[in-house]
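After the structure tokens below, expect a handful of questions from me.
Please read all numbers here as calculations on a predicted model, not as lab measurements. Letters go in sequence order (proteins before strands), and every chain restarts at 1.
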Amino acid sequence: MVSPGQRQRHLDLGTGGGRGCEGASSGAVCLCLCRCPRPCGGGRVSPTELCTRCLEQVKRTGFLNAFVTVTEEQALRQASEAERRFLEGRSLTASPLTHRDRSPPPGKPRGPLDGIPFSVKDNFCTENIETTCASHMLKGYFPPYTATVVQKLLDQGAVLIGKTNLDEFAMGAGSTDGVFGPVRNPWSYSAQYRERPGVDPRSDWVITGGSSGGSAAAVASLGSFLALGSDSGGSTRNPGALCGLVALKPTYGLLSRHGLIPLVNSMDVPGILVRSADDAATALGVLRGLDVRDSTTIPPPAAPPHLPDDIDIARIRVGIPKEYHAPGLSAETLCQWGRVADLLERGGASVEQVSLPHTQHSIVCYHVLCTAEVASNMARFDGLQYGHRSEVNDSTEALYAATCHEGFNDVVRRRILAGNYFLLKRNYERYFMKAQKVRRLIAQDFARVFRDGVDVLLTPTTLGDAVRYCDFIQEDNRTRSAQEDVFTQPVNMAGLPAVTVPTALSSRGLPISLQLIGRASHDWQLLGVAKWLEQRLEFPAIQLPQDVSQAEREAGVPGRVRTSVL
Amino acid sequence: CAAGETGSSRVRASPQLVGVVGLEIHAQIYASTKLFSSSQVCFSSPPNSSVSFFDAALPGTLPVLNRRCVEAAVMTGLALGCTINKRSLFDRKHYFYADLPAGYQITQQRLPIAVGGRLSYSHLVGRKRNQVVDKNVRIKQIQLEQDSGKSLHDSYRSQTLIDLNRAGVGLMELVLEPDMSCGEEAAAAVRELQLILQALGTCQGNMSEGQLRVDANVSVHRPGEPLGVRTEVKNINSARFLARAIDYELQRQMAVVEGGGTVLNETRAFDFKSGQTVPMRDKEGLQDYRFMPEPNLPPLILYERETVPAHTDPRQVVLVDQLQEQLPELPRVTRDRLVTTYGILPEHSFTLVNEDGLVDYFVGVVQQTRAEPKKVIGWVLNDLLGLLKQQCLTVSQSPVSPNALAELLDLLEAGSISSPAAKLVLQELWKGSGKSAKHIVEEQGLGLMRDRSEIQQVCRRVIDSHPDEVSALRAGNKNVLNKLIGQVRKQTKGRADPQLVRAILEEELSRPPFHGETT
């Protein structure tokens, strides 16, 4: 096992002459939002420069296949607007602000995310920007509206860099099953991974995990500061963990799902992929809130504007669920689990073993409930109003059948088939009802543990570090999803918040992460603990080569980055 | 049409077999916007002009429940004596159809908003249709659900065109238990429901515009035996056709059973031209709707004033007790009130209540005239309603206001005009010249002839010019007197008091003749 590298928050983006942020060495840009470029000058980076650098980085790392669409023109326009606000804001600081509109006047920075480049998984609708779900079915689909969470970021002045790659309709745990091809984990090209004996860069690249792999890769490869993913069974946390990020699955209902093309409505949440717990808290503060367009949103709890720099860890009770010692858990992950539990205990937290007896049944129930909702949600893709439409038009039924066959990949079609089977009248009680009952038991397990006084649960996020693509595809999507989601989906079943935190690099030089699970609506407490850990774990920053083009050549794939028409 | 009454004259009399009829009624909720979206609801707007992103099932859109639709369902449930479920759930019902863009309909299959009510209705029987028979039908449930869009088949171009204006409009599905036995009963129940919904303002109830759509579940069996296999009859767009469709179907099934055959469980469409039901192309067959809870809508919770949690946004709350208090007078109560307050016949109360606005009109006239309500009802139901029907007008479009009619009836009551003259005045008023009844009477000299000698003169003239009739009369043929009265009325334009005319004529004729009756 690799001992954690020296803590390094400021990374070279590979562009000369950049001005670092406060306290940073020259030529470096701070990669955490918390200390990110504010107004120009004072040694900080301007929004335009920041945007340009991110776009350059996206192009340089195009071979990762992280993006489906890069919205370069729009990004640059937004960045220049942000820049104008910063410039005007400086000269206008004396004038009192009288407006109280949703969007402040142009002459004032809009908040902590103004001018910050971000990316969005391509299953969030973005007005007039192609939204594909990495499926033939939605190729060429330009939604007429923008998802609430994306709009909130835009309203804050954040700069949309592009739409990121995923498994088709977010069905997968590898980001390998989309119509645009697999996403490559940026760590595959890091010094930490490649400078090890026996690694063949052409074939040994590892997966990002999924399904929000493009979003994870975008943030991990320094192409964005923040990315939105979606998390139905672990789709944000899984790639977050394998890419060494802080990835938050908020409490169900805390963030609006309006405009998120659904996988499992009763479990989906927009997820946040960032490089620090502070960033997650900042993004959560902006994104949370009731949305009249989503009836399942909940009134947000009062939240601090910032996470405290040092929480009183002695007041935290940490539960270690014994059922999470699952078969297939890697020795290194187990080791990290123990290390972090010890760290918490040494810090004064009380750490105790707890039991979640029904968790073992969770993945099976998840499969039933997920496929059932998938079968229902996919029924609208009939080719009549939008999306792919087959040439077959012998009858309406024939058109439907051919459209679905041509539009969806095997994974989606299999889930539709399975889901419809579970929903048949004769099967409903035996599968769907039973799965719902067990779902309730799973939620009650969590509720009991939290009622007994536990504040957070500490578990692995994944069985191990990232798998090589060539190994990953030896098993089918269903098997992989069942393996990969084993630690993550119980949280979705219960609607709880969970965050994954990178703890160390494995012996292969790849991130290992652990998951913290909190009480419903206690997302900030959870992030507080995550921050406490982050401060002590000293997880190393990714070391991408200066000349990424070499990596690209070695990868042997052309960059498949498209630029949106906007 | 209970055993051997009116209905069985249509439904071929079979000593054993009886009809069993249940109804599924879809009532479009009268609301300005749809059940789960903010697009406008209006009949006959241009195709696809009222379609939100949600209505078109664009990916990522979510349903947002329309409070007005919930209130309408609660009011309807309360009016029908249902138990209102304080917690109800929404489900998805899946089927593929081009005008169902999401591939499923959101409905309330497991736990509907209202259950277990009763619809009391009456229908008129007897040769003169003046015997009121009271009946009840149990209401199984009322559920909220979405309407579908419309498919327009263009067979010429072999195209199907989709109009989504109706997609997502709020419906109340009312399930009426099979407590009816013939078309007449079903039609009477539907008419009563129509009146209730209109009184509540929860549905406009126009069947021809599809605001109220009725499917009938029809079967036959021998009393005491299990129910027979039922068919579902669709495509019925008026109460009259409902009765005909059901009676045809009952007759058909009885013939099948009596002929030793078996009734198929199928969906049949009513063809109003032929008056028959015909099997529909079987898209229902073994349809499995794969019901599933709607995950995007939390349970619908209703409150009473006492049970509302603190700090709840009042805009987010529907209070059952408050709606109960706001319920308007229901048609049955209105009819009873009319009969007891005004002493009119029960069958007249039905006619009054059946016509939108006529009760208020009648009461308006009664309050402003000295004429007895029993007299007023005749004028309102026969004369006014007759004119309205003739010209296809609604009560609110009547050119004669209750006030004007009241004034006319006052003139009649005071003996200022005769009844036939009053009818002439009504004709004048109907033209809408703006003149009052009194003015018309004066202008046209329609006032009652009060001068006895004047009437006497006319009578004498009539007697003189009708010698044959006079002889016949004197010979004992009393009926001929009416002819002479008619002649007098004609010559006085109906202004002479008929009683007085009769008296004078009798008096004149009883006198011995003055001259030359020699032959």
Exercise. Look at B:G103, B:A98, B:P295, B:P298 and state which one has the largest set of heavy-atom pairs under 4.5 Å with chain A.
Key: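 The candidate making the most pairs under 4.5 Å is B:P295.
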Self-check item: Which atoms of B:F96 approach chain A - backbone, side chain, both or neither, heavy atom under 4.5 Å
Solution: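 Contact with chain A involves both backbone and side-chain atoms of B:F96.
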Quiz item: Is there any residue in residues 27-41 of chain B with a non-hydrogen atom under 4.5 Å from a non-hydrogen atom of chain A, and which ones are they?
Solution: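 Within residues 27-41 of chain B, no residue comes under 4.5 Å of chain A, counting heavy atoms only.
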Quiz item: Quick one: what part of A:V292 sits under 4.5 Å from any heavy atom of chain B, side chain, backbone, both or neither?
Solution: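 Backbone of A:V292 only, per the 4.5 Å heavy-atom cut-off to chain B.
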Quiz item: If you round to the nearest 0.5 Å, how far is CG of B:D288 from CZ of A:R426?
Solution: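 Those atoms lie 8.0 Å apart.
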Practice problem: Could you tell me which portion of A:D382 (side chain, backbone, both or neither) has an atom closer than 4.5 angstrom to a non-hydrogen atom of chain B? | Solution: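 The side chain, not the backbone.
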Quiz item: chain A heavy atoms under 4.5 Å from B:L164: which part of the residue, side chain, backbone, both or neither?
Solution: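 Contact with chain A: side chain only.
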Quiz item: Which bit of A:F422 is near chain B, if near means a heavy-atom gap under 4.5 Å: side chain, backbone, both or neither?
Solution: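 Neither; nothing under 4.5 Å.
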Practice problem: May I ask you to check whether over 12 heavy atoms, not counting those of A:R380, lie within 6.0 Å of atom CZ? | Solution: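 Enclosed.
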Quiz item: Does B:R213 CZ have over 12 foreign heavy atoms under 6.0 Å away?
Solution: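 Above 12, so yes.
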Practice problem: Step through the shown structure and confirm whether more than 12 heavy atoms of other residues, nucleotides or ligands are within 6.0 Å of NZ on A:K437. | Solution: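 Counting neighbours around NZ of A:K437, 12 or fewer heavy atoms of other residues, nucleotides or ligands fall under 6.0 Å, so no.
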Self-check item: Sub-4.5 Å side-chain heavy-atom contact between B:N296 and A:R257
Solution: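 Result yes, sub-4.5 Å side-chain heavy-atom pair found.
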Quiz prompt | Gap between atom CD of B:Q159 and atom CG of A:N393 - 0.5 Å precision | solution =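 So the gap between those two atoms works out to 10.5 Å.
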Quiz item: Any luck finding a side-chain donor-acceptor pair between B:R290 and A:Y428 under 3.5 Å?
Solution: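 Not at all, the side chains of B:R290 and A:Y428 share no donor-acceptor pair under 3.5 Å.
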Quiz item: For chain B, which of A:Q385, A:M378, A:K425 has the most heavy-atom pairs under 4.5 Å?
Solution: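 Of the options given, most contacts go to A:Q385.
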Self-check item: Least distance between heavy atoms, A:A372 atom then B:M292 atom
Solution: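 Answer, listing the atom of A:A372 first, then B:M292: O-SD, 3.7 Å.
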Self-check item: Within 6.0 angstrom of B:H26 NE2, more than 12 heavy atoms from elsewhere
Solution: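 Yes.
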Quiz item: In terms of heavy-atom proximity below 4.5 Å to chain B, should A:L260 be classed as side chain, backbone, both, or neither?
Solution: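 For A:L260, backbone heavy atoms alone lie under 4.5 Å from chain B.
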Exercise. Enter the distance from A:S376:OG to B:K93:NZ here, rounded to the nearest 0.5 Å.
Key: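 It comes to 14.0 Å.
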Quiz item: Quick check: are there more than 12 heavy atoms from other residues, nucleotides or ligands sitting under 6.0 Å from NZ of A:K139?
Solution: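 Yes, NZ of A:K139 has more than 12 neighbouring heavy atoms, counting only those of other groups under 6.0 Å.
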Practice problem: Find the distance between CG (A:L423) and CZ (B:R92) and round it off to the nearest 0.5 Å. | Solution: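 Here the interatomic distance stands at 10.0 Å.
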Practice problem: Enumerate by number any residue of residues 56-74 of chain B whose heavy atoms lie under 4.5 Å from heavy atoms of chain A; in the absence of such residues, state 'none'. | Solution: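 Expected list: B:A56, B:A57, B:L58, B:P59, B:G60, B:T61, B:L62, B:P63, B:V64.
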Quiz item: Given that the side chain runs from C-beta out, which part of A:E373 has a heavy atom under 4.5 Å from chain B: side chain, backbone, both or neither?
Solution: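 Both parts, backbone and side chain.
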Quiz item: Relative to chain A, which segment of B:F291 carries a heavy atom at a distance below 4.5 Å: side chain, backbone, both, or neither?
Solution: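 Contact with chain A is through the backbone of B:F291 alone.
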Self-check item: Spacing of OG belonging to A:S295 relative to CD belonging to B:E294, to within rounding of 0.5 Å
Solution: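 If I round to the nearest 0.5 Å, the distance is 9.5 Å.
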Practice problem: Please state whether the side chain, the backbone, both or neither of A:N427 comes within less than 4.5 Å of a heavy atom of chain B. | Solution: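 No part of it gets close to chain B.
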Practice problem: Among A:C125, A:G259, A:S266, single out the residue with the greatest number of heavy-atom pairs under 4.5 Å to chain B. | Solution: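 The residue among A:C125, A:G259, A:S266 with the greatest pair count is A:G259.
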Quiz prompt | A:R430 atom CZ, neighbour heavy-atom count above 12 within 6.0 Å | solution =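 Not buried by this count: 12 neighbours or fewer within 6.0 Å.
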Quiz item: Does any heavy atom of chain B fall under 4.5 Å from the side chain of A:F381, the backbone, both, or neither of them?
Solution: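 Contact with chain B: side chain only.
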